[in-house]
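Heads up, the thing below is written out as structure tokens.
Proteins get letters first, then strands, A, B, ... in listed order; numbering begins at 1 in each.
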2 protein chains.
Amino acid sequence: MATLKQVAAHAEVSVQTVSNALNAPHRLRADTLKRVNRSIELLNYRPNRNARSLRTSAVELIGYCVPSWPNQTHLVMDQFLHALCAAAERTGRHILLFTAPGGVDGMPTYDDLHARRMVDGFVLSQTETHDPRHGWLKEQDIPFVSFGRVWKQTTQPGAWVDVDGAAGSAMAVRHLYASGRRRIAFLGWPKSSGLGEDRVGGWRDACKDLGLPIAGLAVRCREDSIEEGARATARLLDGGRTVDGIVALSDILALGALRELTRRGLAPGHDVGVTGFDDSPLAEVVSPGLTSLRQPMDQIAEELITILTGAANGSPVERLLQPELVIRGSSAPG
Amino acid sequence: MATLKQVAAHAEVSVQTVSNALNAPHRLRADTLKRVNRSIELLNYRPNRNARSLRTSAVELIGYCVPSWPNQTHLVMDQFLHALCAAAERTGRHILLFTAPGGVDGMPTYDDLHARRMVDGFVLSQTETHDPRHGWLKEQDIPFVSFGRVWKQTTQPGAWVDVDGAAGSAMAVRHLYASGRRRIAFLGWPKSSGLGEDRVGGWRDACKDLGLPIAGLAVRCREDSIEEGARATARLLDGGRTVDGIVALSDILALGALRELTRRGLAPGHDVGVTGFDDSPLAEVVSPGLTSLRQPMDQIAEELITILTGAANGSPVERLLQPELVIRGSSAPG
DNA sequence: CGGATTGTTTTTAACGTTCAAAACGTCCGT
DNA sequence: ACGGACGTTTTGAACGTTAAAAACAATCCG
């Protein structure tokens, strides 16, 4: 494997000149640059990243903790990872995966990776309501950016990128309204979830705006499962008054709604419009397709990397992005 | 950030002694070791991985190319990644993610990562029928191990770990047989797929063993989609003779079967037993649950890392693991 | 023509670690 | 008391790169 020294000898210049040819080509005379580049090509030289990192103390690696348990964003994790990876590579960086215990117990792992100079910083996801990681990392001066806001705190430590859940719910409500639905319910989670509060809030506000009823139309599911979604839907339908639209907080809950509707002989899309959240692979796989709110993964990843690598340079480090409504059969005009 | 030098000064020994305390503690006198360790702890010293890697030319990083397009194993990618990551960490290593074009076009990316000393080797997945990567990497002497066999080649370049698809299909057939099914069909893919041939072969052999018919019971779907699975099932059911069991090559195809059965008023599990492959998240989410063949992810990951890191040490570098049949409602005794 | 200015290249010295060899002790047998 | 053997610690050099400063060369200005 060729080294700078060998290239230098071949091109009959000093090592530093070869280094400059790669990192600051404008400093070289045109003909020298050409000669050096020819030697580089000829010897098939590739800079040793470890040596470079040792000298510059920047490893160009970004840590990402792979979540261990399924939950709401789990189904789109591969999309996210691919986008993140691609965005990192556009800046010459890469993603280093690791596992860590949840919450504050995982912090030593983060600290260790940083202290050993294995990563420059972290991208956090699976942000939780009182996520202790943000404050801890900020405290230690370890660079990071969060995908997802830490809810219920006035000022969140550190930078973040998130998708506007309230706006998403509102989009879903207005979409159902446009196809004639007038009693639109919401399938949510327990109050403790900040993400849940964000999304239910969007539903509530949009309904109020449009003059739609909300009383008795918000149901809280105990967990994010098909079963719970179905049960909650049953409760709604047994309530006596009709429901012609359901905005679910997740694709999983929406699937439960679809199942319960079908079981009762109601046609999703025709009799009741249903929407989900996150546009997971499930959404286009069920029958009829599930209308859902897609997170703009590429944009999210791009922003995360831009902010983390400091390229943001003055522009805000808190970015709220808009989801996109992907319309499928489950919300076909009734 | 503390360095070896600082620790050495603090413990009043040479740098090399501190290095030995970490890498070869048996060489130190007990009291020296204790003193050095106290200093390490006190200064919260962590070895700089870049410096170590530069010296030893081993980065303890394993490259994994994140697949860009959905396909059969896509739905369990996060399970795989988590297992791989955990297995790597058990040996002090980590996973570096990257993206690359498919097939031979991606090879420069692999080469580059290796030449720049950013990874020690690679784990390949999404192995394809005439996958050119294995031969190429072998040629370049770049360490790698493959999750999945390169099909239709007598001897595959390099080491691999795979799951026995034929055995899986056979398990499914015997399971359905045990609950009284006697006409068991197979939903497969076009002949070009080696993985498909493996799985259909297992079905065929098991049926022959049990004295079950196979003629006209193997259907090839054009692609891996719900729609195709449903269509193929329809073709089977329209064939005149009854079918009381369906072994599908993938969970997706199995879902299609479930849909078509339900559409015709047949109860999956009761009237026709259905099984899928890979035990994706979909399997436990549909109603009734889909019986499926789980890939032993933790074991797969463990083997991959063991082989790649050379810890295998004489033991075979070709490991065929057995899937596990996860029984759910779709194959409830008829 | 001397001095300043700018542009290009080289020299020197790190970055933090480990390897290999050398040095230092201590103990042993004779 | 001496050479050898062993166990422990230190010394010197190297891994491949880049930052900073120094050296050199060409150009410009009055």
Between D:dT8 (P) and B:K34 (NZ): distance, integer Å: 17 Å
A:R149 to A:V163 - nearest heavy-atom pair and separation: NH2-O, 3.6 Å
Phosphate contact (D:dT10 OP1 or OP2) by B:T17 side-chain N/O below 4.0 Å: yes
Sugar-phosphate only, base, or nothing, as touched by B:S57 at under 4.0 Å among non-hydrogen atoms: nothing
5' priority, DNA chain D, between A:R27 and B:S14 [closest heavy atom]: B:S14
Separation of atom NE2 in A:H26 from atom C1' in C:dT8, rounded to whole Å: 11 Å
Parallel, tilted or perpendicular: rings of A:Y110 and A:F122 (30°, 60°): tilted
Protein proximity profile, nucleotides 15-21 of chain C - base contact B, sugar-phosphate-only contact S, no contact -, cut-off 4.0 Å on heavy atoms: BBBBBB-
Test item: side-chain donor near acceptor, B:N37 and B:E41, under 3.5 Å: no
A:S146 and A:T127: side chain donor to acceptor below 3.5 Å: yes
Residues, nucleotides or ligands: over 12 heavy atoms within 6.0 Å of A:E318 CD: yes
B:E12 CD: over 12 foreign heavy atoms closer than 6.0 Å: no
Atom-pair distance (CZ on A:R35; P on C:dT8), nearest Å: 14 Å
Touch class at under 4.0 angstrom, heavy-atom based, for B:T32 against every strand present: sugar-phosphate
